[in-house]
Amino acid sequence: AKADVDPSYIKGCEIFSATMGFEPYPALRNPDTSRVMSAMRTVTPTPCDILNGYFAGAIKDLDAALDDYNQKMTEERNLAIEKVQAEGYDVSVDDWKFDDFVYGESYAN
């Protein structure tokens with residue numbers, strides 16, 4: 001925060017420090033969730049694209065853009081779950097629920 005750098009660099013570091021770390025990984029609990037992830041289509045713009053667009057001034061509302069991305073990812077995941085379930089695999093949205101996860105903290109369970 002005290003470095004002589006562009007303010008957008010400092011803001012980027014603040015965002016990453018608040019959001020980066022070890023997150024829960026569903027495939028460690030249920031390996032069949034990897035089939036869901038493989039069945040998902042890529043959602044764009046990606047978080048990296050959104051962040052770059054925000055710093056470039058093309059995206060004015062960072063929170064709204066990230067919320068939209070999250071909504072699209074959830075929809076895509078749910079479609080992929082349905083597809084994988086139809087193939088006979090035992091997966092559900094519950095495989096992505098980690099009640100003891102605290103956003104912004106590394107997950108160690």
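Between the OH atom in Tyr9 and the CZ atom in Phe55 there is a gap of 11.0 Å [rounded to 0.5 Å]. Atoms CG and CE, on Asn78 and Met40 in that order, are 9.0 Å from each other to the nearest 0.5 Å. Atoms CG and CE, on Asp32 and Met37 in that order, are 10.5 Å from each other to the nearest 0.5 Å. One distance of note links CG of Leu66 with CG of Asp68; it measures 9.5 Å at 0.5 Å rounding. A distance of 10.5 Å separates OG1 of Thr46 from CE of Met73, quoted to the nearest 0.5 Å.
The heavy-atom pair separating Pro31 from Ser34 by the smallest distance is O-OG, 2.7 Å. For Tyr69 against Pro45, the heavy-atom pair with the smallest separation is CD1-O, 3.2 Å.
Counting heavy atoms from C-beta outward, Glu23 and Tyr107 have side chains that stay 4.5 Å or more apart. Within the 4.5 Å cutoff, side-chain heavy atoms of Val91 are placed close to those of Gln85. Contact annotation: the side chain of Tyr25 never approaches that of Thr33 to less than 4.5 Å [non-hydrogen atoms, C-beta and beyond]. The side-chain heavy atoms of Ile15 and Leu62, taken from C-beta on, include a pair separated by under 4.5 Å.
A 6.0 Å sphere centred on CG of Asp90 holds no more than 12 heavy atoms belonging to other residues, nucleotides or ligands.
Evaluated for a side-chain contact (heavy atoms from CB on, under 4.5 Å) with Leu79, the options Lys83, Glu76, Arg77 yield exactly one hit, Glu76.
Of the possible donor and acceptor atoms, one in the side chain of Asp95 sits under 3.5 Å from a partner among the backbone N and O of Ser92.
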Give the intermediate values and the outcome of side-chain contact (heavy atoms from CB on, under 4.5 Å) for residues Tyr54 and Lys60.
-> CA-CA 6 Å; Tyr54 176 72; Lys60 302 298 181 203; over 6 Å; no
Check the pair Asp100 / Phe98 against side-chain contact (heavy atoms from CB on, under 4.5 Å), numbers first and verdict last.
-> CA-CA 6 Å; Asp100 56 346; Phe98 294 84; 4.2 Å; yes
Show your working on side-chain contact (heavy atoms from CB on, under 4.5 Å) between Trp96 and Ile81 and close with a plain yes or no.
-> CA-CA 11 Å; Trp96 277 263; Ile81 287 172; 3.8 Å; yes
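Under the rule for a salt bridge (Lys or Arg N to Asp or Glu O under 4.0 Å), the partners of Asp94 that lie at least two apart in sequence or sit in another chain are Lys97.
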